[in-house]
Amino acid sequence: MFEVGDKVFYPMYGAGVIEAIEEKEILGETQLYYILNISFRDIQVMIPKDKMENLNIREVLDSSKMDDILTTFHADAELDAEPNANRNQRYRDNMNKLKTGDIRNHVEVIRELVTLNKKRPLGTDDKKLLENAQQFLISEIVLTKDVKLDQATSMLHEAIYQ
């Protein structure tokens, strides 16, 4: 499925690089694990090889696809759609979108929360969710575009607030 050196996106963690594939014995069971380095969070994650698909882990986008994604922040008519007024339901919906790992869903969450923030200040949960969604996307920009964190942050902010 994946090989050492592959750049992947792990929903709710961000983008990282597979550093190793190792056989480990945990709780008496031996299996292969992917060792994933998520550099922007400075963590290493061990993922059982047979669980990779269920976790929605995917390869990071290539550079041209990322360019296309960054242009979608203002291109959609849904931009003017009213976010769910019930904050608990909105939070659950947005969290479920982020868990899919689909970058279009990440853009949708960011776009919705930025739009809502223009109308009124975001609550604590919405602020944290927006921050996380942006960090996940920034981590993928870093690996896709081979740029530093501050450059990736600038690229995303330009795409959102242009």
Side-chain angles (χ1 to χ4, degrees), residues 2-3 5-19 34-45 47 52-53 55-162:
F2 295 111
E3 297 179 14
D6 284 353
K7 298 173 183 177
V8 296
F9 184 84
Y10 186 0
M12 304 308 294
Y13 285 87
V17 178
I18 296 176
E19 288 193 334
Y34 286 99
I35 311 301
L36 179 61
N37 181 22
I38 313 270
S39 59
F40 93 97
R41 288 190 176 214
D42 198 26
I43 61 171
Q44 241 184 15
V45 182
I47 306 163
M52 288 291 276
E53 274 189 49
L55 296 172
N56 296 325
I57 295 172
R58 60 169 172 79
E59 288 185 47
V60 297
L61 300 179
D62 65 34
S63 185
S64 66
K65 285 184 183 171
M66 181 58 76
D67 289 340
D68 292 343
I69 288 297
L70 291 174
T71 63
T72 64
F73 278 97
H74 299 287
D76 230 347
E78 288 183 277
L79 183 62
D80 297 324
E82 183 65 32
N84 191 333
N86 180 318
R87 65 184 173 98
N88 291 330
Q89 185 61 47
R90 182 177 58 246
Y91 181 83
R92 279 192 299 275
D93 291 347
N94 285 335
M95 187 62 79
N96 287 334
K97 288 176 188 175
L98 293 180
K99 287 178 181 177
T100 67
D102 184 327
I103 196 156
R104 291 177 305 255
N105 287 339
H106 280 75
V107 168
E108 206 175 294
V109 169
I110 293 168
R111 190 173 50 222
E112 177 184 304
L113 293 174
V114 166
T115 301
L116 184 61
N117 191 41
K118 288 177 182 175
K119 295 177 182 179
R120 64 177 184 270
L122 294 177
T124 305
D125 288 342
D126 284 334
K127 275 185 195 174
K128 187 67 176 162
L129 201 58
L130 176 58
E131 212 174 276
N132 285 336
Q134 288 177 329
Q135 285 301 313
F136 298 149
L137 187 51
I138 288 168
S139 73
E140 188 161 4
I141 294 169
V142 166
L143 291 182
T144 299
K145 296 291 197 177
D146 195 25
V147 295
K148 295 191 182 295
L149 188 63
D150 59 334
Q151 291 171 295
T153 302
S154 292
M155 290 172 77
L156 179 59
H157 286 171
E158 282 177 29
I160 294 171
Y161 300 109
Q162 67 178 353

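Worth saying up front: this structure is predicted, and the values here are computed from it rather than measured.
- Between the CG atom in Asn56 and the OG1 atom in Thr100 there is a gap of 6.5 Å [rounded to 0.5 Å].
- Looking at Asp125, Leu116, Leu113 one by one, the single match for side-chain contact (heavy atoms from CB on, under 4.5 Å) with Leu130 turns out to be Leu113.
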ask   = Where do Asp6 and Glu59 land on the side chain to side chain contact (heavy atoms under 4.5 Å, CB included) test, with the steps shown first?
value = CA-CA 7 Å; Asp6 284 353; Glu59 288 185 47; 5.6 Å; no
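- At most 12 heavy atoms of other shown residues, nucleotides or ligands fall within 6.0 angstrom of atom CG in Asp42.
- In this structure, CG in Leu98 is found 8.0 Å from CD1 in Ile110, a value given to the nearest 0.5 Å.
- Atom CG of Asp146 has 12 or fewer neighbouring heavy atoms from other residues, nucleotides or ligands inside a 6.0 Å radius.
- Met155 approaches Val147 most closely through the heavy-atom pair SD-CG2, 4.4 Å.
- Atom OG1 in Thr153 sits 11.0 Å away from atom CD in Glu158 (nearest 0.5 Å).
- Two residues are said to be in side-chain contact when any heavy atoms from C-beta on lie closer than 4.5 Å; Lys118 and Val114 meet this criterion.
- For the atom pair CG (Leu137) and NE2 (His106), the distance works out to 7.5 Å, reported to the nearest 0.5 Å.
- Smallest separation of non-hydrogen atoms from Phe9 and Ser139: CE1-OG, 4.4 Å.
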request  = Determine, step by step, whether Met12 and Asn132 satisfy the side chain to side chain contact (heavy atoms under 4.5 Å, CB included) criterion, reporting the C-alpha distance in whole Å, the side-chain angles of both residues, the deciding distance to 0.1 Å, and the verdict.
outcome  = CA-CA 8 Å; Met12 304 308 294; Asn132 285 336; 5.9 Å; no
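- Annotation for Pro11 and Lys99: closest pair CB-O, 3.4 Å, computed over non-hydrogen atoms.
- Shortest non-hydrogen contact noted between Ile141 and Met66 is CG1-SD, 3.8 Å.
- To the nearest 0.5 Å, atom OH of residue Tyr91 and atom CG of residue Asn86 are 14.0 Å apart.
- Taking 4.0 Å as the cut-off between side-chain N and carboxylate O, Asp126 and Arg90 count as a salt-bridged pair.
- With a 4.5 Å cut-off on side-chain heavy atoms, Phe40 and Val142 do not count as touching.
- Heavy atoms only, all atoms of each residue included: Arg111 and Thr72 are closest at NH1-O, 3.0 Å.
- Residues Phe2 and Val8 are in side-chain contact: their nearest non-hydrogen atoms beyond the backbone lie under 4.5 Å apart.
- Side chain of Arg41 to main chain of Gly14: no donor-acceptor pair is present (N/O by atom type, distance under 3.5 Å, no hydrogens or angles).
- Taking OH from Tyr13 and CG from Leu36, the interatomic distance works out to 10.0 Å, rounded to the nearest 0.5 Å.
- Under a 3.5 Å cut-off, the side chain of Asn96 and the backbone N or O of Asp93 do not form any donor-acceptor pair.
- Ion pairing between a basic and an acidic side chain is recognised when a charged N comes within 4.0 Å of a carboxylate O; Asp102 and Arg104 show such pairing.
- When atom types are taken as modelled, the side chain of Lys97 and the backbone of Val109 share no donor-acceptor pair closer than 3.5 angstrom.
- Between Arg58 and Glu140 there is a salt bridge, with a side-chain nitrogen of the basic residue lying less than 4.0 Å from a carboxylate oxygen of the acidic one.
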